[in-house]
Amino acid sequence: MKMYYTAWMLATATVVTAGFLVQRKFSILQSEVSNLRLEFETLTKQFLASSSVRATSRSLGDTCPFTCDDQWCTADEDKYFLFKQGIVIGAKNTECDYGTGILSVHLYNPRKTEGGGSNCPKGAGTVTFGQSNEALGMSSVVSGGSFNKALEAFASVSGGENNEASGKGASVSGGNGNKAINDSSSISGGQLNEATGS
């Protein structure tokens with residue numbers, strides 16, 4: 001019986017020791033797997049960041065549609081450029097709610113650190129050149145001058161100062177303080193004229 005008891009104790013001790021060793025190895029493996037997982041996540045983040053930079057660099061370098069020399073860049077002869085939102089050249093008017101498909105050119109003032117533009121092509125498909133001009137109606141145009149407004153769809157002001165085309169398709173060619181009020185009305189120039197008929 002004593003021999004049986006000793007063998008049983010020895011077997012029990014062996015099983016306990018083996019269990020302890022298995023548990024210890026399992027804990028070590030768990031720790032190593034956890035460390036590998038963290039290392040893998042770090043490497044994945046680094047790879048994604050570097051591949052994104054490489055892809056951006058590659059696409060800009062390989063497909064650049066411009067040839068630049070000193071301060072001038074020239075577009076390739078066989079390229080078209082599609083701008084769905086619009087183009088603002090010179091200075092941005094921070095108070096303007098720009099429309100879509102717009103073109104605006106304004107004198108850039110390097111002394112102003114923010115904004116500085118005064119033109120506002122607010123309507124869809126509108127164009128403003130000059131200074132302090134507004135094109136609010138769809139497809140309206142103010143092509144020059146200052147403080148001019150094209151308020152309705154297809155209205156236009158070519159130049160001058162303080163002119164307003166407020167009728168649909170109305171136009172003012174120039175002058176000062178002229179108003180083309182009704183649809184399709186027009187004023188060629190002069191001062192303080194009003195076109196109320198079509």
Side-chain angles (χ1 to χ4, degrees), residues 56 59-61 63-198:
T56 303
S59 67
L60 287 175
T63 61
C64 183
F66 298 102
T67 303
C68 295
D69 182 22
D70 293 327
Q71 292 184 348
W72 289 93
C73 290
T74 305
D76 292 346
E77 290 178 17
D78 59 344
K79 300 289 184 193
Y80 291 98
F81 296 90
L82 178 61
F83 298 95
K84 294 183 180 184
Q85 277 301 101
I87 300 172
V88 176
I89 298 172
K92 175 184 174 186
N93 181 347
T94 55
E95 297 175 14
C96 180
D97 184 15
Y98 287 93
T100 58
I102 58 96
L103 171 62
S104 185
V105 178
H106 188 276
L107 175 66
Y108 170 68
N109 185 348
R111 286 178 249 165
K112 288 198 171 193
T113 56
E114 188 175 315
S118 59
N119 287 331
C120 185
K122 190 172 184 176
T126 57
V127 176
T128 55
F129 291 173
Q131 182 177 347
S132 300
N133 293 316
E134 295 180 63
L136 305 180
M138 180 182 73
S139 299
S140 61
V141 176
V142 178
S143 54
S146 58
F147 303 100
N148 296 310
K149 295 179 181 180
L151 301 176
E152 283 293 327
F154 314 110
S156 66
V157 177
S158 298
E161 187 175 60
N162 293 312
N163 294 310
E164 186 176 295
S166 56
K168 185 175 181 180
S171 68
V172 177
S173 297
N176 184 10
N178 296 310
K179 294 182 180 183
I181 297 170
N182 282 0
D183 293 353
S184 302
S185 59
S186 67
I187 297 175
S188 296
Q191 185 172 355
L192 301 175
N193 295 305
E194 282 191 12
T196 57
S198 55

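Only a predicted model underlies this, so the values are computations on that prediction, with no experimental measurement involved. Throughout, residue positions are numbered sequentially from 1 according to the sequence presented.
Note that CD1 of Ile87 is 8.0 Å distant from CD1 of Ile102, once rounded to the nearest 0.5 Å. The CD atom of Glu152 lies 10.5 Å from the CE atom of Met138; values are rounded to the nearest 0.5 Å. Atom CG of Leu136 sits about 11.0 Å away from atom OG of Ser166, to the nearest 0.5 Å. Atom-to-atom distance recorded for Lys122:NZ and Thr128:OG1 is 13.0 Å, nearest 0.5 angstrom. Considering CD of Glu134 and SG of Cys96, their distance stands at 8.0 Å, rounded to 0.5 Å. In this structure, the separation between CG on Asn162 and NZ on Lys149 is 9.0 Å, given to the nearest 0.5 Å.
Shown here for Ala155 and Ala165, the closest heavy-atom pair between the two residues is CB-O, 3.6 Å. Contact between Asn148 and Asn133 at its shortest, heavy atoms only, is N-OD1, 2.8 Å. In plain terms, the two heavy atoms of Phe81 and Ala75 that are nearest each other are CE1-CB, 3.6 Å. Scanning all heavy atoms of the two residues, the minimum distance from Val105 to Phe129 falls at CG2-CE2, 3.4 Å. Shown here for Ala195 and Ser185, the closest heavy-atom pair between the two residues is O-OG, 3.4 Å. The minimum heavy-atom distance between Asn119 and His106, with the atom names listed, is ND2-CD2, 3.7 Å.
Atom OH of Tyr80 sits in a sparse spot, with 12 or fewer heavy atoms from other residues, nucleotides or ligands closer than 6.0 Å.
In terms of modelled atom types and a separation under 3.5 Å, the side chain of Asn178 and the main chain of Leu192 share a donor-acceptor contact. A donor-acceptor contact shorter than 3.5 Å links the side chain of Asn163 to the backbone of Gly177. Tyr98 places no side-chain N or O within donor-acceptor distance of the main-chain N or O of Leu103, the cut-off being under 3.5 Å. Within the 3.5 Å criterion, the main-chain N or O of Ser132 finds a donor-acceptor partner in the side chain of Ser118.
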Please assess Ser158 against Ser173 for the test side chain to side chain donor-acceptor pair (under 3.5 Å), listing each intermediate value before the final yes or no. CA-CA 5 Å; Ser158 298; Ser173 297; 4.7 Å; no
